[in-house]
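Reading through the structure tokens given below for one structure.
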Amino acid sequence: MTYQPSADPTDAITGEWSASDGSGLASRRLVVAAVIVDDVVTPTRLLGARRVRPEELAGRWEFPGGKVDAGETPVGALHRELREELGVAVELGAELMGPDDGGWIITDRHVMRLWFARVTDGDPEPLVEHDELRWLDADGLFDVHWLDGDVRIVEALASHLDRDGG
Ligand SMILES: Nc1nc2c([nH]c(=O)n2[C@H]2C[C@H](O)[C@@H](COP(=O)(O)OP(=O)(O)OP(=O)(O)O)O2)c(=O)[nH]1
């Protein structure tokens, strides 16, 4: 199994998993998402988003983002999704590396890559795909009902949020 996570969020690596070793990564669609935080270096809170569709996922909380389209880089797709979904421009920080060859398996059909991000233009609004956004601090991370595949990601993020930071 070969996976090439991008150290440089601006580069052109497509982030596709190649070959199959039975892990199922190669057959999964790549989803990219942002952990939008108040400060990418010392974050104290992150932005959760409540889905409106499909019906079986409506009301559950996630990281804003979506599928990488053909011909897009993961980072390019992420900027597009954030502009479409929240109406914001962001600067990206580090990627939150996951246990599945650098990514995070979130469903039987999707694997996700996430980057920390800070809003540089616009106020996040639930324009499409979501009907509510909420800033969550370390103690409130599980005040919302995350999508099943996101729970272990949120658990991992708990240690990244600074409780003393404000
Ligand atoms: N965006 C996002 N999708 C997630 C997360 N966790 C999780 O299990 N998923 C799932 C839900 C969906 O089955 C899939 C992503 O699909 P999506 O509906 O967000 O993708 P998209 O915006 O490109 O939508 P579409 O154009 O295909 O309708 O990954 C998450 O934190 N963020």
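The analysis underlying the following values was restricted to heavy atoms, covering all of them including side chains, and did not include hydrogens, waters or symmetry mates. Remember, it's a predicted structure, so these values are computed and weren't measured experimentally. Just follow the structure's listing: the first ligand is 1, and inside any ligand the first atom is 1.
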*For Leu141, does its backbone N or O pair with a side-chain atom of Trp146 as donor and acceptor, under 3.5 Å?*
yes

*For atom 2 (C) of ligand 1, find the nearest protein heavy atom and state the residue, atom name and distance (0.1 Å precision).*
Glu62 OE1, 3.1 Å

*asked:* Could you tell me if His130 and Glu125 have a donor-acceptor pair between their side chains, going purely by distance under 3.5 Å?
replied: no

*Output yes when Arg118 and Asp39 qualify as a salt bridge under the 4.0 Å nitrogen-oxygen rule, no when they do not.*
no

*Step through the shown structure and confirm whether more than 12 heavy atoms of other residues, nucleotides or ligands are within 6.0 Å of CG on Asp123.*
no

*Closest protein heavy atom to atom 10 (C) of ligand 1, given as residue, atom name and distance to 0.1 Å*: Ile106 CD1, 3.9 Å

*Distance-only, no hydrogens or angles: does the Arg113 side chain make a donor-acceptor pair with backbone N or O of Met97 under 3.5 Å?*
no

*asked:* Among all the protein's heavy atoms, is there at least one whose distance to atom 26 (O) of ligand 1 comes out below 4.0 Å?
replied: no

*Side chains of Thr44 and Asp38: donor-acceptor distance under 3.5 Å anywhere?*
yes

*Closest non-hydrogen protein atom to atom 13 (O) of ligand 1, residue and atom name please, with distance?*
His110 CE1, 3.3 Å

*Close-contact set for ligand 1 against Gly65 heavy atoms, below 4.0 Å*: 1 (N), 19 (O), 22 (O)

*Run the contact test for Arg109 against ligand 1 with a 4.0 Å cut-off on heavy atoms, strictly below, and give the result.*
no

_Gly149 heavy atom under 4.0 Å from ligand 1_ = no

*Tell me which protein heavy atom sits closest to atom 28 (O) of ligand 1, plus the residue, atom name and distance to 0.1 Å.*
Lys67 NZ, 4.3 Å

*For atom 31 (O) of ligand 1, closest protein heavy-atom neighbour*: Asp150 OD2, 2.6 Å

_Protein contact to atom 15 (C) of ligand 1 [nearest heavy atom, distance to 0.1 Å]_ = Val31 CG2, 3.8 Å

*Can we say Asp100 and Arg152 salt-bridge, meaning some charged N sits less than 4.0 Å from an Asp/Glu carboxylate O?*
yes

*Could you tell me which atoms of ligand 1, counted from 1 in the order shown, lie closer than 4.0 angstrom to a heavy atom of Leu147?*
4 (C), 5 (C), 6 (N), 7 (C), 8 (O), 9 (N)

*Identify which of Trp146, Trp104, Phe63 has a heavy atom lying nearest to atom 32 (N) of ligand 1.*
Phe63

_Heavy-atom nearest option to atom 18 (O) of ligand 1, drawn from Glu129, Arg51, Arg53_ = Arg51

*Under 4.0 Å from any heavy atom of Met112, which atoms of ligand 1 are there?*
5 (C), 30 (C), 31 (O), 32 (N)

*Looking at ligand 1, does any of its N/O atoms fall within less than 3.5 Å of an N/O of Thr107?*
no

_Donor-acceptor under 3.5 Å (Glu85 side chain, Leu82 main chain)_ = no

*With sequence neighbours excluded, what pairs up with Glu84 under the side-chain hydrogen bond (donor to acceptor under 3.5 Å, both in side chains) test?*
Arg80

*Would you find a donor on one side and an acceptor on the other, under 3.5 Å apart, between the side chain of Arg28 and the backbone of Met112?*
no

